[in-house]
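Right, one structure below, let's go through it.
What you see is a predicted model; the values in this text were computed from it and never measured.
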Number of protein chains: 2
Amino acid sequence: MKKTIFTFAALVLAILALFQLSKYSVIAGDTSIETVIAIIAVIFFVIGIVINKRVLHKTKKPTQKINYQKIEELGLSKREYEVLCQIAMGLSNKEIAEKLFVSESTIKTHVSNMLVKLDAKRRTQAIQIAKELQIIPL
Amino acid sequence: MKKTIFTFAALVLAILALFQLSKYSVIAGDTSIETVIAIIAVIFFVIGIVINKRVLHKTKKPTQKINYQKIEELGLSKREYEVLCQIAMGLSNKEIAEKLFVSESTIKTHVSNMLVKLDAKRRTQAIQIAKELQIIPL
DNA sequence: CTAAATTTCATACTTTAGTATGAATGCTGT
DNA sequence: ACAGCATTCATACTAAAGTATGAAATTTAG
């Protein structure tokens, strides 16, 4: 944090110095206004990019939004989708059954139907496919 | 794409107009050089931020880097880690065996040892845990 | 209201996953 | 050389996952 303040202060000073330098340069007739403006433009353009990159990197969280349209396209029912999410959480059929207050055989039915719709052979493959299609959170 | 080119062209024209305007303004004595420079600085600062945001949003892929230190902490061997990655890809033990040119029973051994080290009961849970620990790509 | 879809459950079965145990080979660092 | 670890493989077993089929209750859309 101290480093950031230091860097920022140094940057401001450098810019102020450049301002003065450019002003005298223009008055003295050594440099054209166009050149000065161009340099200033480039400098602030770069500063904008750098600052933006810093901020984005700090607060960036991959909030992947779910493709609900794809879920409908696949013909996944509400229950089948719920089961799919629980599978992705690493739960067994038995655990899912307890969580959703239904029997294990019901879960098996949902899983089997879901696998067909996702064109998967195993539940692990279903997780992978669902992630690719962005229908479950990462 | 056409829209981008249009926007960019419009932007360049606007800036050139601003340049001319500011130049005559300064020559006429209506505006100080400082003001012009400040305006230019702000404009390009904003442009820098906007362009950077666009580029980052387009090409942003959640390139989560793998926590190799964590892999060592868990005591996962090279082979066990390989198997873990293949499991996350949705492959069965048999498929993994063929891919790595070993027998299925070898894969079973690796899987079993890996599950203990990851403190998982199932391969699906292992995937979930591995993702949390950031030892496999999302 | 009726037809279609969803959800539920069961039974029987096959396949895959995972555990336990033992053992041979090869590599590595001391 | 030798202890320790990783890798390989096998056999036998248990547990979990997945398939197939049929059927009843519920919801939903037309």
Fill in: Sequence-aligned protein contact record of nucleotides 23-30 of chain C, with B where the base is within under 4.0 Å of a protein heavy atom and S where only the sugar-phosphate is
--------

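- Near DNA chain C, meaning a heavy atom under 4.0 Å from it, residues 113-133 of chain A has A:Arg122 in order of number.
- When all heavy atoms of A:Ala130 and A:Leu84 are compared, the closest pair comes out as CB-CD2, 4.0 Å.
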Discussion item. Could you go through B:Glu82 and B:Ile96, starting from their C-alpha distance and side-chain angles, then the distance that decides it, and tell me whether this counts as side-chain contact (heavy atoms from CB on, under 4.5 Å)?
Written reply: CA-CA 9 Å; B:Glu82 274 184 285; B:Ile96 296 171; over 6 Å; no

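- Nearest heavy-atom pair, A:Leu91 versus B:Thr124, reported as atom, atom and distance to 0.1 Å: O-OG1, 4.4 Å.
- Among residues at least two apart or in separate chains, salt bridge (charged side-chain N to carboxylate O under 4.0 Å, His left out) pairs with a member in residues 119-138 of chain A are A:Arg122-B:Glu95.
- Recorded end-axis angle for the helix from C:dC1-D:dG30 to C:dT30-D:dA1 stands at 60°, based on five pairs per end and rounded to 10 degrees.
- Atom CG of B:Asn67 sits about 10.5 Å away from atom CD of B:Glu72, to the nearest 0.5 Å.
- When the side chain to side chain donor-acceptor pair (under 3.5 Å) test is applied to B:Gln69, the partners found at least two apart in sequence or on another chain are B:Glu73.
- Here A:Tyr68 pairs with A:Ile66, A:Ile71 under the side-chain contact (heavy atoms from CB on, under 4.5 Å) rule; sequence neighbours left out.
- With a heavy-atom cut-off of 4.0 Å to chain A, the contacted part of DNA chain D has its first and last nucleotide at D:dA17 to D:dT19.
- By the side-chain contact (heavy atoms from CB on, under 4.5 Å) test, A:Ser105 pairs with A:Ser103, sequence neighbours left out.
- With sequence neighbours excluded, the residues that form a side-chain contact (heavy atoms from CB on, under 4.5 Å) with A:Ile129 are A:Leu118, A:Ala120, A:Gln125, A:Leu133.
- Every residue meeting the side-chain contact (heavy atoms from CB on, under 4.5 Å) condition with B:Ser77, not counting sequence neighbours, appears here in chain and number order: B:Arg79, B:Glu80.
- Of the possible donor and acceptor atoms, none in the side chain of A:Lys117 sits under 3.5 Å from a partner among the backbone N and O of A:Leu76.
- Between A:Leu100 atom CG and A:Gln86 atom CD the span is 6.0 Å, to the nearest 0.5 Å.
- In terms of phosphate contacts, B:Ser112 brings no side-chain nitrogen or oxygen within less than 4.0 Å of OP1 or OP2 of C:dG18.
- Pairs engaging residues 97-110 of chain A under the salt bridge (charged side-chain N to carboxylate O under 4.0 Å, His left out) rule: none recorded [sequence neighbours left out].
- Sorted by residue number, the members of residues 75-108 of chain A with any non-hydrogen atom under 4.0 Å from DNA chain D read A:Ser92, A:Asn93, A:Lys108.
- What you find for A:Ile127 and A:Ile136 is that their closest heavy atoms are O-CD1, 3.9 Å.
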